[in-house]
Amino acid sequence: MAVIENSKVTVVGAGSVGSSTAYAALIRGSARHVALYDIATQKVEAEVLDLAHGTQFTGSSDIVGGSDLSVVEGSHVVVITAGAKQDPGQTRIELAGVNARIIKTMMPQLLEAAPDAIYVIVTNPCDVLTVLAQEDTGLPPERIFASGTVLDTSRLRWKLAQRAGVSTSSVHAYIVGEHGDTEFPLWSKATIGTVPILEWVTPQGDRMTVDELDQIAIDVRDAAYKVIQGKGATNYAIGLSSARIVEAILNDEHAVMPVSPVLHGFHGVDGVALSVPSIVSAAGAVPVAETQFDARELELFHASADALRQVAGSLRS
Ligand SMILES: NC(=O)c1ccc[n+]([C@@H]2O[C@H](COP(=O)([O-])OP(=O)(O)OC[C@H]3O[C@@H](n4cnc5c(N)ncnc54)[C@H](O)[C@@H]3O)[C@@H](O)[C@H]2O)c1
């Protein structure tokens, strides 16, 4: 596949996350056509109007939407944000039952409207929902994947950039595993420019320590809890992350991003969706098999896989 002309992305769910994704996609010009779909008619129509009212100030992207599934027709990418969100203090896994039922009902309808689209699942717990949806639909794993730790990786790079005194784009580091409590950074391969992270000298003249990096990893892992505590949802950063994934697909970028497709034979993990650096293009997401882990990271990776396998198993039965 090549770069898609007259590209269309549909965002399913017009809540905080879906509306912010549509807003980011419009401002960034992620797709020629942006559509928003939700079962809540008044809400989705109001969001579409509000977004449309700003299009004088965006690029050439347009916005349509509503509560009729025909909105989804012709989509090249469908981003799913519909479903229950975390209450303050609630984990993503605690949303699994209710959101699994929503996705199970919705996927056949979406596939009928957009049979050839690439599906990006943002609704939480996004990794577990991805494996269930992939199994139910029989879609090839590259065509249905979770936004995974693209957001967490951006949070990590922001914190490291601040400490290192460099721009975020000069930080090369990834969060992998579950988008949730068992995620972790691949510190063994993290660099600032080309300098290994522990060797970088900060503007204060010191170096980061292992303890400090451990604390940064915890802060990143728990970042959503803090935002949800303060404002009830996370929306801007996930909106931007989702729009960025959409661009990598529609522009056939072959960009390496830590999205979460169902893995097969990846460092001993099978049949679980987990975030690993993957090549994102018009064909979807393909894990980079050569990604290296040190012994401790591999242990954490398998622990993350075991945790999610258990949750998915409990929902299948
Ligand atoms: N993966 C990530 O990085 C990430 C980040 C933030 C939030 N999230 C998740 O995104 C989801 C949405 O969060 P939010 O804050 O936007 O929630 P929200 O409550 O603001 O919006 C959810 C929307 O989904 C709609 N909806 C429910 N069932 C539907 C259906 N069957 N079809 C169409 N629409 C339906 C609702 O009407 C509502 O407008 C949550 O599961 C949240 O945990 C994921």
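Order of listing sets the numbers, starting from 1, for every ligand and every atom in it. In this chain, numbering begins with 1 at the start of the sequence shown.
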Candidate with minimal heavy-atom separation from atom 9 (C) of ligand 1, of V12, T234, I228, N124:
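The option holding the nearest heavy atom is N124.
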Among D38, D127, V98, closest by any non-hydrogen atom to atom 38 (C) of ligand 1
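Selected option, by shortest heavy-atom distance: D38.
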Minimum-distance protein heavy atom relative to [atom]:
atom: atom 28 (N) of ligand 1; result: I39 CD1, 3.7 Å
atom: atom 35 (C) of ligand 1; result: A82 CB, 3.4 Å
atom: atom 11 (C) of ligand 1; result: T81 O, 3.4 Å
atom: atom 1 (N) of ligand 1; result: V122 O, 2.9 Å
atom: atom 24 (O) of ligand 1; result: G83 N, 3.2 Å
atom: atom 15 (O) of ligand 1; result: K85 CD, 3.3 Å
atom: atom 3 (O) of ligand 1; result: H179 NE2, 3.0 Å
atom: atom 40 (C) of ligand 1; result: A84 O, 3.1 Å

More than 12 non-hydrogen atoms from neighbouring residues, nucleotides or ligands closer than 6.0 Å to CD on E112, yes or no?
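Counting other residues, nucleotides and ligands, CD of E112 stays at 12 neighbours or fewer.
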Greater than 12 external heavy atoms within 6.0 Å of K189's NZ
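Buried by this count: over 12 neighbours within 6.0 Å.
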Record the part of [X] in heavy-atom contact with ligand 1 below 4.0 Å; permitted values are side chain, backbone, both and neither.
X: M106; value: side chain
X: N235; value: neither
X: N99; value: side chain
X: I102; value: side chain

Candidates T149, T130, D127, D152 - the one meeting side chain to side chain donor-acceptor pair (under 3.5 Å) with H179
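One option only clears the test, and that one is D152.
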Any nitrogen or oxygen of [X], main chain or side chain, under 3.5 Å from a nitrogen or oxygen of ligand 1?
X: S16; answer: yes
X: I238; answer: no
X: V17; answer: yes

Provide the closest heavy-atom pair for L198 versus M208 in the form atom of the first, atom of the second, distance.
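Smallest heavy-atom distance, with atoms named: CD2-O, 3.3 Å.
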L151 neighbourhood, listing ligand 1 atoms whose heavy-atom distance to it stays under 4.0 Å
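Selected atoms, number and element: 3 (O).
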At less than 4.0 angstrom from any non-hydrogen atom of S147, what atoms of ligand 1 do you find?
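Near S147, meaning under 4.0 Å from one of its heavy atoms, ligand 1 has 1 (N).
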Would you kindly say whether D211 and T209 are connected by a side-chain donor-acceptor distance under 3.5 Å?
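Side chains of D211 and T209: no pair found under 3.5 Å.
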Would R157 count as a cation-pi partner of Y174, with NZ or CZ less than 6.0 Å from the six-membered ring centre and within 45° of the ring normal?
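Judged by the rule (NZ or CZ under 6.0 Å from the ring centre, within 45° of its axis), R157 counts as positioned above Y174.
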Below 4.5 Å, heavy atoms only, C-beta onward: do I63 and T58 meet side chain to side chain?
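Result no, sub-4.5 Å side-chain heavy-atom pair not found.
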To the nearest 0.5 Å, what is the distance between OG1 (T153) and CD (E183)?
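Here the rounded value is 8.0 Å.
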